[in-house]
Structures are given as structure tokens and as C-alpha cells.
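A quick write-up on the structure given underneath.
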Amino acid sequence: MSDSIIERAYEEVNRHKQTVERDYHRLHYHLMPPVGLLNDPNGFIQWNGTYHLFYQWMPFKTGHGAKFWGHYSSTDLVYWSSEPIALAPTDWFDKNGCYSGSAVVDDGRMKLFYTGNVKDEQGNRETYQCMAESLDGVSFEKKGVVITLPEGYTAHFRDPKVWKHELDWYMVIGAQSKDLQGKAVLFKSEDLKAWTHLGVIAGSQENNVGNFGYMWECPDVFELDGKEILLVSPQGLAPIGMQFQNKYQTGYFVGSLDYESATFTHGAFQELDRGFEFYAPQTTLDEKGRRIMFGWMGVPEQGEEAHPTIKHKWIHSMTLPRELHLVDGKIIQQPVEELKMMRKNEVKYMSVVFDKREMELKDIHGESVELELTIKDNPFQTFAVSFRNNVTFKYDRHSQIATLERVSFVTGDIEKRQCSLITLEHISFFVDSSSIEIFINGGQEVFSARMFPEEADKSIVFHGNGDVIADITKWEIRP
Ligand code: FRU
């Protein structure tokens, strides 16, 4: 039984390989599922030089269900190899899905912590926090359940993120309390086997955040430049102005965690990414001491069924890996420097003046491109760049608002996401065949989005209202 479902997953990959690969929306330099659906990044870790990134994977359809852990590895965060399936939903404690979780290294082994999702015949949910171990980082042996559901929570209790602080291990879990409030819950262990429930460290109706969602998914706690960060994906926030425009949100609290009393004193929630598709990110500390994050470039239940890649039997991707820093209480995200290895055929324009007309520049176009703009003079009112007649980034100096517009792949209408931005000095666009990631002012604001333009249209069009002067560099990105 257990082997057969794994074999069936590999068969599914082979059976649809051509259909998947023939899709012109297939990305050139982002991680995707070989077939089926990919969602959250899981178990992100570097071990003996090699980065491991696992992912939530449904091989049998382009919808959600009993998830596997797929596995990629890399020595440089650029070239990734596909590894054998790490976890499959084959046991009583994970039969309806090996849900999200994390990895640590201890005692010469890689240890995965994940949520075993179980549903009975009536559809009632059960949840188990489970462990699996590996000596080689390739094949994993399940060790079974390490934590059962404590009192006070519903079965929406999942996504263990484990880390070591001084001599002890800690785990944060995303939860829903019995009165249907989203929470982040802390556990402690000396040996990664016996875990003590320390209680809620943050949540809706906790620490003065007020009503803040009915479920918190995929929490991650880590130290960043001297502070503790809780990164989390709350569900159930209503839009407020330009904030919380997606179906579900991802953001962070900056504060300080007192491990003794299990209390987290923190400031306000800040959204991490201002674009259309970003959810459930996970970080790791790599061997160079960098805090690196991958996100899922998708949002649950947000037009998923309308993705045009579905007819090619696959859906969703990861974001680029981003290095995080904390500057003035805000997380700054920058694409890891290794990505520069993929730059080819540099094209450079110095002091380009954009006037009122739409303008294209020779050799500045393409579908796998990094485009960097340094704004030298900032006298302009509005400035815009359009990609492939599908997505437009705009900055309006008067209102101090940055806007990402795109043609909705659900309705065909123009939709937008926005944030306030006091000045625009620098922008990096990472354009892939069906995605865009925009890093503003060195990662002060980031927009991530999927886009599905016409195959033949590779245009990049600039527009300035007022005299905008910018240096422009473009590279093809070729992994
Ligand atoms: C977030 C999430 C997690 C869960 C996983 C299931 O996208 O819902 O909470 O573990 O996806 O695939």
C-alpha cells in the first residue's frame, strides 16, 4: 500500500511530463511541481553545504488534498536537483496529508517535523505532530507522533517550526483556539521527542492585537538583527485600505521572546509582500549566517481554479529565495546574491529621460529578465513600466503610492495591489515566463505576482509623466 501510492506519484510525473513541459507558462528559474499542485515551502535547511527545500505536493491533481513532501536540493540556491519523495500520506497518523513543517539537524541526522492530517469517515479532522529522520538527507524514516492535540484548541493545529535556543529545542505551531481565534503556540523539548506545551505566545485577542483572524497558519520564529520575529499567515482578516487585499495574509510581528516565561512582547503586524500571490513563507539560517526565506507564490482559494497552467497539469511555484534583514523595525527582503550567476547579456542605458510618451528601448524586452532601474532625478509625477501588456508597476509621487496592476486571470479585468512609498530610488524587476517579483528601494517593499500574458508578447514599455531620469540595466536570466 505505502509503496504503491509513491509509485503512483512517480507514474503521474512520467505520464504528464510532456504536457507539463509543453506549457509556455512553465517558469525558467523558479521551483515548480513536476506535475500537480505545489504549495508551502517546508523543511528549508542547509546541511553539510547542501540546501534542502521540501514542498507541499499533490501529485494526482491540480487541487489540494492528501499532501506529499516533494524535495529539491541545491548547493547554491540557483541550480536545484529533484530528490526522491520525502514523505507520503501512508500511515494512520498522516493518511490525509503530510502537512507543512520544518527540518532541524541533530545527532548527525536530519529530522523533519510535520503535521499528520487525518479525517474520519464523517470528515472530522484530527491532527498529529509527527517526526521523520534521515541519515543521508534523501530517504526518511517516519518515527510517528510526537505531539497530540492539547486542550483548548480545535483540530486546526498544524505547521510545526522547530529551532534550537541555547540548550533547548522550541516549536511554534499555528492554531485555532476553541473560541475560533488564530494563535501561535509554543512548545519546548530537551530531546526533540518529549514536548511540553508552554502556551500561546501571540494571536487574535492576545497582546492587544484585537480581532485578528480565525486561524494562524505556518508560524516561524527567528532572531533577525537582534530582535525576534514571528512570521505568520493569518486567515480571516478583512481588508483595511491598501492592506490585507488578498484572500489570506502573510506578515510579521517584531518583538522580544522571553523563553523563560514563554511571552512574546511585540509591535503591530506588518504585511510582508504587497503583491497578489504570496503565502506561507518559511526561513532558515544558512551556513553563512544569512536568514533566507522562500514563500509560496500562491494564495489558497484565491482564483486557484482559474490558473491557465491547470490544463497543462500543474499549478503554482515558489518565490525566489530572499535574504532578510531588519532595518528600522521593518523586514527588508533582497534576492540572494547567488542569483546574479544567472545574469547574461547585460544591456545598459545611462540617464534615460522618460517624457510623456510610451517608450520602448532597444534590447529591453523578454520573458526571463532582470531589470534594474536607478532613479537619478525624481522630479516626476508618475512613472510606469508595463510588462508584456499584462502587468504594470506605477509610482505616483504626489500620492506617494506604488501600484501593481495586472489583467486578472480570473475575470480579465484590471486589478491592483498598492502600498505607500515615500520615495522611489531603485527598483529591481525579476520577470519570469509567468511571474514577476519587484524589489523596491533595496527590498523595503516587495510585490510578488503570477501573470499569464500572450506567449508572443515580450514587450517592456516605459512611461513617465514629467521628466524622469533613470539608469537602466537589463540582463537575460539563464539558469
Ligand atoms: C497553508 C496550509 C498549511 C497546511 C498546508 C496543507 O497553505 O494550509 O496550514 O499545513 O497548507 O497543504
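Whatever order the structure lists ligands and atoms in, that order sets their numbers, starting from 1. Just the heavy atoms: all of them, side chains too, but no hydrogens, waters or symmetry mates, feed the values below. Numbers here are sequence positions counted from 1.
The protein non-hydrogen atom at the shortest distance from atom 8 (O) of ligand 1 is Glu217 OE2, 2.9 Å. When only non-hydrogen protein atoms are considered, atom 5 (C) of ligand 1 lies nearest to Asp40 OD2, 3.5 Å. Of the protein's non-hydrogen atoms, Gln56 OE1, 2.6 Å is the one closest to atom 12 (O) of ligand 1.
Donor-acceptor pairing under 3.5 Å is lacking for the side chains of Gln302 and Tyr248. Checking Asp40 against Gln282 by side-chain atom types alone, no donor-acceptor pair falls below 3.5 Å. Defined by atom type and a distance below 3.5 Å, a donor-acceptor pair is missing between the side-chain atoms of Glu141 and Ser139. For Lys67 and Asn96, the side-chain atoms include no donor-acceptor pair closer than 3.5 Å.
Residue Asn39 has at least one heavy-atom neighbour below 4.0 Å for each of these atoms of ligand 1: 5 (C), 6 (C), 7 (O), 11 (O), 12 (O). Close approach of ligand 1 to Tyr279 (heavy-atom distance below 4.0 Å) involves ligand atoms 1 (C), 7 (O). Less than 4.0 angstrom separates some heavy atom of Trp296 from each of these atoms of ligand 1: 7 (O). Which parts of ligand 1 touch Ser100 is read off a 4.0 Å heavy-atom cut-off, strictly below it: atoms 5 (C), 10 (O).
Residues Lys288 and Glu323 are not paired through a salt bridge, judged by the lack of any N-O separation under 4.0 Å between the basic side chain and the carboxylate.
Heavy atoms of Asp159 come nearer than 4.0 angstrom to ligand 1 in at least one pair.
Here the NZ-CZ distance, from Lys161 to Phe222, works out to 7.5 Å after rounding to the nearest 0.5 Å.
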